[in-house]
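The structure appears below as structure tokens.
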Number of protein chains: 2
Amino acid sequence: MLVQGQNREDVRQHNLSIVLRMLHLRGSVSRSELTAVTGLNRSTISDLVSELEELKLAHETDGAVASGVGRPSHMVSAVENVVAISVHTEFDATTVGVVSLSGKVLSKKRLLSSGKPTPENSVKLAAKEIARLRSEMKSDVRIAGVGIAVPGQVRVSDGVVRLAPHLGWVEVPLGPMMSQATGLPVFLDNDASLGCMAERNFGSARELSDVVFLYAGSGGIGGGAIVDGHQLRGAAGYAGELGHVRISAGNAKDYSGLSGTLESLVRRDDLLDIFKFDSAADEELDAEIGSTKSAKAIKLLNEQIDALGLGLSNFVNIFNPQVVVLAGFLTSLFRFDEERLINRMREGALGAAHERVVIRSAELGSDLLMFGAAELPFGDLISRPSNAKLTTPKGKGAK
Amino acid sequence: MLVQGQNREDVRQHNLSIVLRMLHLRGSVSRSELTAVTGLNRSTISDLVSELEELKLAHETDGAVASGVGRPSHMVSAVENVVAISVHTEFDATTVGVVSLSGKVLSKKRLLSSGKPTPENSVKLAAKEIARLRSEMKSDVRIAGVGIAVPGQVRVSDGVVRLAPHLGWVEVPLGPMMSQATGLPVFLDNDASLGCMAERNFGSARELSDVVFLYAGSGGIGGGAIVDGHQLRGAAGYAGELGHVRISAGNAKDYSGLSGTLESLVRRDDLLDIFKFDSAADEELDAEIGSTKSAKAIKLLNEQIDALGLGLSNFVNIFNPQVVVLAGFLTSLFRFDEERLINRMREGALGAAHERVVIRSAELGSDLLMFGAAELPFGDLISRPSNAKLTTPKGKGAK
DNA sequence: TTGATTTGTTGCCTACGCCAACATAATCCC
DNA sequence: GGGATTATGTTGGCGTAGGCAACAAATCAA
């Protein structure tokens with residue numbers, strides 16, 4: 001039982017947390033709104049905001065907002081000079097970006113690598129870019145940490161990549177390695193789980209408590225879910241492998257060697273083949289899907305939509321979400337025939353669960369995993385604002 | 001965003017809650033253990049226990065427990081005269097029981113009904129029994145409320161049974177009806193979800209944070225899950241329909257008209273047929289399964305085990321639980337060939353997720369849903385111990 | 001300008017968890 | 001058996017942080 005008692009310090013931390021989280025999610029909020037949402041007293045909010053200002057995590061913006069009669073309320077914002085560094089490791093590239101606590105992607109750079117990336121090379125590549133970024137930062141910037149989105153199963157407890165089939169990694173202690181190379185606190189998680197969190201915090205599932213998220217790229221289908229406001233993690237952090245759910249007795253295998261799974265039935269490569277692409281960006285593929293007249297292609301698209309719809313119906317039965325968010329080329333499938341996908345989903349789902357569920361495309365595009373990975377260090381920061389461990393660009397710890 | 005601020009009262013409620021919850025779950029706990037687990041100060045625990053005693057929700061037991069050197073610690077227990085009334089509505093019977101806050105099923109009675117039960121008749125039947133039980137209770141008993149386990153989808157927010165196919169109920173406001181008939185606070189939820197919670201709180205998944213639960217009876221297969229310590233509910237309360245997950249393209253339909261679902265492939269009726277039973281209690285069926293030599297029966301059992309294993313592998317991929325708990329005749333399948341079921345589950349699950357998962361049989365037997373349904377009113381009571389609304393047997397509100 | 005309304009500020013109050021000192025009841029060891 | 005040790009219960013006082021009330025400030029409506 002993880003039932004911890006609460007003392008006064010915990011209360012203060014909790015209240016600071018919820019204020020800071022709100023600033024983080026919405027960028028800036030008026031004080032009166034803070035009192036309304038939190039249910040705390042005006043004077044308490046005032047005190048909390050002051051403390052966050054002293055911690056240099058928030059500041060009052062001049063632009064007061066008049067919402068009708070009465071004295072206008074001050075706007076409070078998260079600062080822009082507290083940042084997280086996001087890393088996304090992929091088969092052929094590593095992307096490194098900087099995200100501000102106020103919820104903006106400040107920079108993003110995709111570093112191409114050739115051949116299968118070894119963990120060592122990936123870390124070296126990312127660490128070098130991080131060092132460069134830090135050398136260019138102003139001295140008043142403070143870094144909350146590094147968040148890494150990994151296309152595979154991550155043991156969150158010790159930062160070990162348990163298995164990343166597409167990268168060919170097994171039991172790689174990526175967290176400790178990156179921490180060693182950068183001197184920064186490092187957090188990692190599965191890419192799709194982080195994508196889910198990003199869409200919930202900043203994208204098309206904002207403010208929702210129950211979300212199912214599916215992301216399909218060249219490496220297969222990943223999934224994530226928000227359950228009652230919390231990210232689905234499971235006992236060891238491996239939960240949410242929605243692409244590896246078996247929905248058919250077929251023999252086609254997915255990237256993990258399982259047959260009949262959603263991932264084996266909804267394959268980007270199959271679409272590339274039929275359009276005779278060697279490789280293509282999502283935008284090209286999307287354009288082709290939107291304009292194709294080929295009967296063969298339409299047949300394949302319909303088959304994929306049917307399989308996806310079946311998978312979604314299962315997830316709806318299991319999670320009863322408010323919204324299903326699709327990302328990657330799944331959005332192209334959805335746009336190709338929205339009605340078909342929705343119908344397939346409804347056919348397989350029990351009445352009550354699907355009644356209100358809607359399907360949406362992801363909003364965050366190529367920033368998705370920059371936002372997502374940044375949520376890991378920011379989450380740590382937000383959960384204990386007054387004990388946060390921040391680092392200056394030059395490497396000194398800063399309070 | 002449901003982020004509420006916390007004031008001092010909330011802290012007190014929270015601390016009272018966790019102490020009371022611990023008493024409820026374990027029956028009795030020593031004070032020293034309370035301080036250790038909660039992390040609160042000895043004097044604070046002392047104060048909290050006193051308050052719970054004043055509220056007549058807990059009392060100190062004489063039996064001090066010596067755990068080695070040092071002054072022995074007092075045992076604190078939940079009282080036995082605060083009770084919840086559990087109701088389980090089924091196709092052919094309604095079961096009504098009384099469960100104490102200290103975690104004991106004090107009584108249980110199965111009331112047979114003939115023909116499809118209308119909601120009105122079920123309520124009347126249960127209300128009559130509840131009135132009888134109340135008339136027999138001592139005057140110092142206090143009732144936390146009525147919990148109803150319903151074999152179907154329940155909209156938790158307003159206590160409406162959205163759909164219970166086996167009972168033939170659609171949009172039945174069972175909560176308000178029962179509340180009207182008894183004058184007690186009424187809570188309801190899906191039977192399998194409640195079974196899951198019961199096994200987590202008192203059965204074979206005790207103290208675990210991530211649990212998948214499958215219950216199969218004559219009415220099909222229901223499921224529930226515990227995710228990060230919280231019951232899986234979904235946006236409207238319809239989550240956890242694990243029996244209706246499609247795992248095959250087959251044509252057999254389940255009780256909700258969906259084909260290829262786990263429920264359609266693992267059917268109790270099929271086993272009854274093959275053993276030429278008209279109907280049978282789980283014990284009879286279990287004995288027959290354990291002793292059969294019939295090749296046809298063995299083939300069917302293996303097919304069912306394979307289907308179940310496939311379903312479980314999906315749930316393991318999705319939830320990454322510590323344990324999978326099986327109830328109803330699924331335990332017979334499990335016992336028939338444990339190895340086969342485990343292997344099937346592992347084959348379909350990704351390595352990392354299945355490494356540590358174990359399959360267990362439910363422990364609570366026929367008390368399962370009595371415990372489960374009681375958790376609803378008790379959960380309400382425990383979440384706000386000092387504002388609890390308790391009722392005397394004679395119907396007066398008692399503080 | 002005056003009144004109404006909402007928000008920010010200030011000083012005081014109080015609830016409740018913590019702490020330290022002491023009392024108590026067991027085991028351990030000679 | 002009796003002192004030493006150890007763990008727990010008890011008591012009184014302290015400090016912190018959220019609530020509250022009164023007042024100031026900034027808007028809108030006349």
Side-chain angles (χ1 to χ4, degrees), chain A residues 3-20 28-55 58-77 384-387, chain B residues 3-20 28-55 58-77 384-387:
Chain A
V3 278
Q4 280 256 326
Q6 274 185 336
N7 50 29
R8 274 172 300 103
E9 262 180 59
D10 295 333
V11 175
R12 187 62 165 188
Q13 283 302 305
H14 175 85
N15 286 342
L16 284 171
S17 278
I18 60 174
V19 171
L20 186 55
S28 63
V29 188
S30 74
R31 278 215 221 169
S32 65
E33 208 173 343
L34 286 172
T35 68
V37 172
T38 61
L40 296 169
N41 193 282
R42 282 210 296 277
S43 44
T44 307
I45 289 293
S46 179
D47 203 33
L48 290 168
V49 169
S50 308
E51 186 161 346
L52 289 175
E53 284 180 320
E54 271 170 37
L55 292 166
H59 63 101
E60 278 197 348
T61 325
D62 293 344
V65 151
S67 59
V69 195
R71 178 175 176 174
S73 190
H74 295 163
M75 294 300 290
V76 188
S77 306
R384 46 187 175 119
S386 54
N387 300 320
Chain B
V3 279
Q4 279 256 324
Q6 275 186 337
N7 51 28
R8 274 171 297 100
E9 260 179 60
D10 294 333
V11 174
R12 188 61 163 190
Q13 283 304 302
H14 174 85
N15 286 341
L16 285 170
S17 278
I18 60 174
V19 171
L20 186 55
S28 62
V29 187
S30 74
R31 278 217 220 170
S32 65
E33 209 173 342
L34 286 171
T35 67
V37 172
T38 60
L40 296 169
N41 193 281
R42 282 211 295 279
S43 40
T44 307
I45 290 294
S46 179
D47 203 33
L48 291 168
V49 169
S50 309
E51 185 162 345
L52 288 176
E53 284 179 319
E54 271 170 38
L55 292 166
H59 61 103
E60 278 197 349
T61 325
D62 293 344
V65 150
S67 60
V69 196
R71 178 176 176 174
S73 189
H74 296 163
M75 295 299 291
V76 187
S77 306
R384 44 184 178 125
S386 55
N387 300 321

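Naming convention: chains lettered A, B, ... in sequence-line order (proteins, then strands); numbering from 1 in each chain.
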Can you check whether [X] has a side-chain N or O nearer than 4.0 Å to OP1 or OP2 of [N]?
{"X": "A:S46", "N": "C:dT9", "result": "yes"}
{"X": "B:S32", "N": "D:dA7", "result": "no"}
{"X": "B:S43", "N": "D:dT10", "result": "no"}
{"X": "B:R31", "N": "D:dT10", "result": "yes"}

Proximity to the side chain of [X] - top-ranked nucleotide from [options]:
{"X": "B:V69", "options": "D:dT5, D:dG9, D:dA26", "answer": "D:dT5"}
{"X": "B:R42", "options": "D:dC28, C:dA21, C:dG17", "answer": "C:dA21"}
{"X": "A:N41", "options": "D:dG9, D:dC20, D:dT6", "answer": "D:dC20"}
{"X": "B:R71", "options": "D:dC20, C:dG8, C:dA25", "answer": "C:dA25"}
{"X": "A:N15", "options": "D:dG18, D:dT6, D:dC28", "answer": "D:dG18"}

Measure the distance from [atom1] on [X] to [atom2] on [N] and round it to the nearest whole Å.
{"X": "A:E33", "N": "C:dT6", "atom1": "CD", "atom2": "C1'", "answer": "15 Å"}
{"X": "B:E51", "N": "C:dA15", "atom1": "CD", "atom2": "C1'", "answer": "11 Å"}
{"X": "A:R12", "N": "D:dG19", "atom1": "CZ", "atom2": "P", "answer": "11 Å"}
{"X": "A:I45", "N": "D:dA17", "atom1": "CD1", "atom2": "P", "answer": "15 Å"}
{"X": "B:L40", "N": "C:dC16", "atom1": "CG", "atom2": "P", "answer": "13 Å"}
{"X": "A:Q13", "N": "C:dG17", "atom1": "CD", "atom2": "P", "answer": "17 Å"}
{"X": "A:D47", "N": "C:dC12", "atom1": "CG", "atom2": "C1'", "answer": "14 Å"}
{"X": "A:H14", "N": "D:dT16", "atom1": "NE2", "atom2": "C1'", "answer": "17 Å"}

>> Check whether A:S17 reaches the backbone of A:Q13 with its side chain - one donor and one acceptor, N or O, closer than 3.5 Å.
In response: yes
> Is A:T44 reaching over with its side chain to a backbone N or O of A:L40, donor-acceptor style, under 3.5 angstrom?
Replying inline: no
> Between B:R384 and B:D10, is there a side-chain N and carboxylate O pair less than 4.0 Å apart?
Replying inline: no
> Does a distance-only test, which skips hydrogens and angles, find a donor-acceptor pair under 3.5 Å between the side chain of B:T44 and the base of C:dC16?
Replying inline: no
> Are B:R31 and B:S46 close enough that a side-chain donor and a side-chain acceptor fall under 3.5 Å?
Replying inline: yes
> Any chance the side chains of B:T61 and B:S28 put a donor and an acceptor closer than 3.5 Å?
Replying inline: no
